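Model, not experiment: these values are computed from the prediction.
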Amino acid sequence: MNESSAPTGFDLEQHFDSGALRQNIESASSPVAPVRQWLKKAQQAMAEAFRNGTDVRALVYARAELMDRVLGVLWERAPFADSDDVALIAVGGYGRGELHPYSDIDLLILTSDKVDSEWDEALSEFLTLLWDLQLDIGHSVRSMEQCVEAAREDVTI
């Protein structure tokens with residue numbers, strides 16, 4: 001392919017400033033409004049980029065990176081964020097770095113066997129926040145042992 005016909009990318013840096021998002025969240029009574037507003041603006045920028053001929057593959061990958069960043073900002077606010085006993089993992093198409101418009105966002109919350117039961121409520125609040133943001137979330141919360149057991153029963157896991 002010559003340079004004039006090479007697919008053009010999407011500059012996510014131009015549309016995402018995680019520091020500004022963090023500040024907006026901290027100054028708000030709830031993270032829902034600032035994150036929704038920011039996601040809407042980013043989605044509009046991607047739609048405009050698509051109409052202007054940005055390569056669809058670049059947008060699919062940028063959308064996944066965008067979600068990585070948003071989820072990262074929200075995850076770091078959780079009480080368990082610094083723990084070695086809980087991890088947020090993208091799975092499915094999103095886990096492959098491919099997030100199409102209107103696709104669900106598949107997440108695995110991986111826990112060690114010694115995760116604190118006090119985090120049950122915090123994990124529930126985190127997932128509720130994602131639903132409040134109107135994200136189409138598919139999720140599971142499993143320990144390493146549960147993941148191995150589930151994978152033995154279903155190869156797609």
Kindly check if the number of other-residue, nucleotide or ligand heavy atoms within 6.0 Å of CD (E121) is above 12?
-> no
Linking I/L/V/M/F/W/Y whenever their side-chain heavy atoms sit closer than 4.5 Å, directly or via other members, would W38 and I137 fall into one cluster?
-> yes
Closest contact, heavy atoms only, P31 versus I25 = CB-CG2, 3.7 Å
Do NZ/NE/NH1/NH2 and the carboxylate oxygens of E26 and R22 come within less than 4.0 Å?
-> no
Cluster overlap I109 with M144, hydrophobic side-chain contacts below 4.5 Å | no
For D154, look at atom CG and say whether over 12 heavy atoms of other residues, nucleotides or ligands are found less than 6.0 Å away.
-> yes
Sidechain-backbone polar pair: S124 side chain, D120 backbone, donor-acceptor under 3.5 Å = no
Side-chain heavy atoms of W75 within contact of V70, under 4.5 Å | no
Give a yes or no on this: more than 12 heavy atoms of other residues, nucleotides or ligands lie within 6.0 Å of atom CD of Q37.
-> no
In Å, rounded to the nearest 0.5 Å, how long is the span from NZ of K41 to CE of M46?
-> 13.0 Å
Quick one: are D84 and S112 in side-chain contact, heavy atoms under 4.5 Å?
-> no
Hey, any chance I89 and M67 share a hydrophobic cluster, counting ILVMFWY side chains that come within less than 4.5 Å of each other, even indirectly?
-> no
Give a yes or no answer on whether the side chain of R36 reaches the backbone of D132 with a donor-acceptor pair at less than 3.5 Å.
-> yes
Specify the closest pair of heavy atoms between P34 and L21, including all atoms of both residues, with the distance to one decimal.
-> O-CD1, 4.2 Å
Check whether any side-chain heavy atom of L107 sits under 4.5 Å from a side-chain heavy atom of L130, and report yes or no.
-> yes
Begin from the C-alpha positions of Y94 and D104 and carry the test side chain to side chain donor-acceptor pair (under 3.5 Å) through to its verdict.
-> CA-CA 8 Å; Y94 171 48; D104 64 337; over 6 Å; no
Okay, side chain of Q146, backbone of S143: is any donor-acceptor separation there less than 3.5 Å?
-> yes
Find out whether T111 and R142 are in side-chain contact, i.e. whether some heavy atom of one side chain is under 4.5 Å from a heavy atom of the other.
-> no
Would you call Y102 and D136 a side-chain contact if the rule is heavy atoms closer than 4.5 Å?
-> no
Common cluster, V86/V91, ILVMFWY with side-chain heavy-atom separation under 4.5 Å | no
Identify whether I105 and V32 are in the same connected component of the hydrophobic contact network (ILVMFWY, side-chain heavy atoms under 4.5 Å).
-> yes
Mark yes or no for whether Y61, through its side chain, and L99, through its backbone, hold a donor-acceptor pair below 3.5 Å.
-> no
List the steps and the verdict of side chain to side chain contact (heavy atoms under 4.5 Å, CB included) for N24 and V35.
-> CA-CA 8 Å; N24 289 347; V35 173; over 6 Å; no
D17 side chain vs G19 backbone, donor-acceptor pair below 3.5 Å = yes
For residues A49 and L59, report the shortest heavy-atom separation together with the two atoms involved.
-> CB-CD2, 4.1 Å
L88 side chain reached by L108 side chain, heavy atoms, under 4.5 Å | no
With rounding to the nearest 0.5 Å, note down the distance linking CD in E48 to CZ in R51.
-> 4.5 Å
Derivation of the side chain to side chain contact (heavy atoms under 4.5 Å, CB included) call for L133 and L74 = CA-CA 11 Å; L133 292 170; L74 296 174; 3.6 Å; yes
Under 6.0 Å from the CD atom of E76, do we count more than 12 heavy atoms belonging to anything else shown?
-> yes
Close side-chain approach of H139 to L127, heavy-atom, < 4.5 Å = yes
Electrostatic pair E149-R152, nearest N-O below 4.0 angstrom | no
Would a 4.5 Å heavy-atom cut-off, applied to side chains only, mark F80 and D85 as touching?
-> no
Minimal non-hydrogen separation, A64 against E98, with atom names | CB-N, 4.0 Å
Only one of D55, T54, L66 clears side-chain contact (heavy atoms from CB on, under 4.5 Å) with F10; which?
-> T54
